[in-house]
Protein chains: 2
Amino acid sequence: MQAQTPFLGTFRNKVDRKGRVSVPAPFRQVLAGESFQGVVCFLSHKVEAIEGCGMGFMSELSESVADMDLFSDNHQDLASSLFADAHPLAWDSGGRIQLPPELMDVAGITEEAAFVGMGKTFRIWEPKAFSTYQGERRSQARQKGLSLPLRRAKEE
Amino acid sequence: MQAQTPFLGTFRNKVDRKGRVSVPAPFRQVLAGESFQGVVCFLSHKVEAIEGCGMGFMSELSESVADMDLFSDNHQDLASSLFADAHPLAWDSGGRIQLPPELMDVAGITEEAAFVGMGKTFRIWEPKAFSTYQGERRSQARQKGLSLPLRRAKEE
DNA sequence: GACATCATGGGATACCATGGGAATTCATGG
DNA sequence: CCATGAATTCCCATGGTATCCCATGATGTC
């Protein structure tokens, strides 16, 4: 199975009064080959934003968790953290999802949302909060001297 | 065989005086392709909640147990705890199941039930008990630094 | 300039969850 | 074996909301 095209770029879209927002077209294209046409969202434990991915990614996680002994503590902890809080959100014919109010509230999203590609996943931020975070991240990266070990994409 | 769509999300539904409760529509959709239209429920041995899955998952467990030596202690213990106490619950045309009183009693479920996706299975909690459990789990996950080795989903 | 795509706005409809009662089935007792 | 009561299953109705569908303007590409 080929490596998934990564989520790239940052997009800023409006959120309407029903909590609907367009998933950016390039992100929809990343997931075009999946059977579930939508995204899975859940609250980040690291930042005040929403984490997003495709259902395929979630199914991979499910298989990984399932490799563990059924009913073991590891299985239970991971399942509770990953799956219980996940919201599968199908997009409509126009490519919009409806954000759950509880995710919007914690991320502080009201009128706009910033979709931020993170490779295999993406994040949905309140745009100003993201600008603040981005500034901090860039400063950290410059101070530490960012580097990344590269490996070839595996094919089967 | 492709990975099953995981049970995701948490839903809170009312339990009526007959012990009926709606299985959330997304959970019903996960099991839509199975011949037995319902769920299998049994008491958790780890937490005070009800464990739920589809009949297909139960069949897989049955195969796993059958791989063990027949009449061995392991076989007997697992069979006793998994199959003897399992309740197959067909849902009606509206998607409701009727919870056995003995499962409701142990889980402390009276007026509402929280359906909690766990990937290949799900749990049914008394909502307040689940909130308490969830708070504890999150605290533990942050302290331990949760991580999961990822592997690709296998296809046949 | 034309066309296609994307994002946005709005409204109608179908689905979901909930409530209730009737009919059927099952277990029990005589 | 039959009758009866309890429990389960089946069916109908309803309100709310999520989903679906349509329209339009803006933007990018050819």
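Chain letters run A, B, ... following the sequence lines, proteins first, then strands; residues in each count from 1. Because only heavy atoms are used, hydrogens play no part in the values below, and waters and symmetry mates are left out as well, while side chains stay in. This structure is a prediction, so every number in the text was calculated from the model and none was measured.
Mapped onto DNA chain D by nearest heavy atom, B/D92 and A/D92 fall at different nucleotides, with B/D92 at the one closer to the 5' end.
Residues B/W125 and B/V47 have side chains in contact (heavy-atom distance under 4.5 Å, counting atoms from C-beta outward). With contacts defined as side-chain heavy-atom distances shorter than 4.5 Å, the pair B/L31/B/M55 does not qualify. Between B/E102 and B/V106, every side-chain heavy-atom pair lies at or beyond the 4.5 Å cut-off. Taking 4.5 Å as the limit, every side-chain heavy atom of B/P100 sits out of range of all side-chain heavy atoms of B/C41.
One finds the CH2 atom of A/W91 at 12.5 Å from the OG atom of A/S93 (value rounded to the nearest 0.5 Å).
Comparing the local axis fitted to the first five base pairs of the helix from C/dG1-D/dC30 to C/dG30-D/dC1 with the one fitted to its last five gives a bend of 50°, rounded to 10°.
Judged purely by distance below 3.5 Å, without hydrogens or angles, the side chains of A/D92 and A/Q98 never pair a donor atom with an acceptor atom.
Within the 4.0 angstrom heavy-atom criterion, no nucleotide atom of any strand lies near B/D16.
Counting only distance, with no hydrogens or angles, the side chain of B/S62 and the backbone of B/M58 share no donor-acceptor pair below 3.5 Å.
Hydrophobic cluster membership differs between A/L103 and A/F83, with clusters built from Ile, Leu, Val, Met, Phe, Trp and Tyr side chains linked at under 4.5 angstrom.
Mapping heavy-atom proximity under 4.0 Å, the span of DNA chain D touched by chain A runs 5' to 3' from D/dA18 to D/dC21. Note that the first and last nucleotides of DNA chain C, 5' to 3', having any atom under 4.0 angstrom from a heavy atom of chain A are C/dC6 to C/dG11.
Residues B/F115 and B/F7 place their aromatic rings such that the two centres sit no closer than 6.0 Å. Centroid-to-centroid, the aromatic rings of B/F11 and B/F27 come within less than 6.0 Å.
Closest heavy-atom contact between A/A79 and B/M118: CB-O, 3.6 Å.
Salt-bridge formation is not detected for the pair B/E112/B/K14: no Lys NZ or Arg NE/NH1/NH2 atom is positioned less than 4.0 Å from an Asp or Glu carboxylate oxygen. A salt bridge links B/K120 with A/E63; the closest basic N to acidic carboxylate O contact falls under 4.0 Å.
By the 4.5 Å side-chain criterion applied to Ile, Leu, Val, Met, Phe, Trp and Tyr, A/L8 is assigned to no cluster and stands alone.
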**OP:** Starting from the C-alpha separation in whole Å, work towards a yes-or-no answer on side chain to side chain contact (heavy atoms under 4.5 Å, CB included) for A/Y133 and A/E126.
**Re:** CA-CA 11 Å; A/Y133 171 82; A/E126 199 283 318; over 6 Å; no
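Within a heavy-atom distance below 4.0 Å of DNA chain C, no residue of residues 107-114 of chain B is found. Sorted by residue number, the members of residues 17-28 of chain A with any non-hydrogen atom under 4.0 Å from DNA chain C read A/R17, A/K18, A/R20, A/S22, A/V23, A/P24, A/A25, A/R28.
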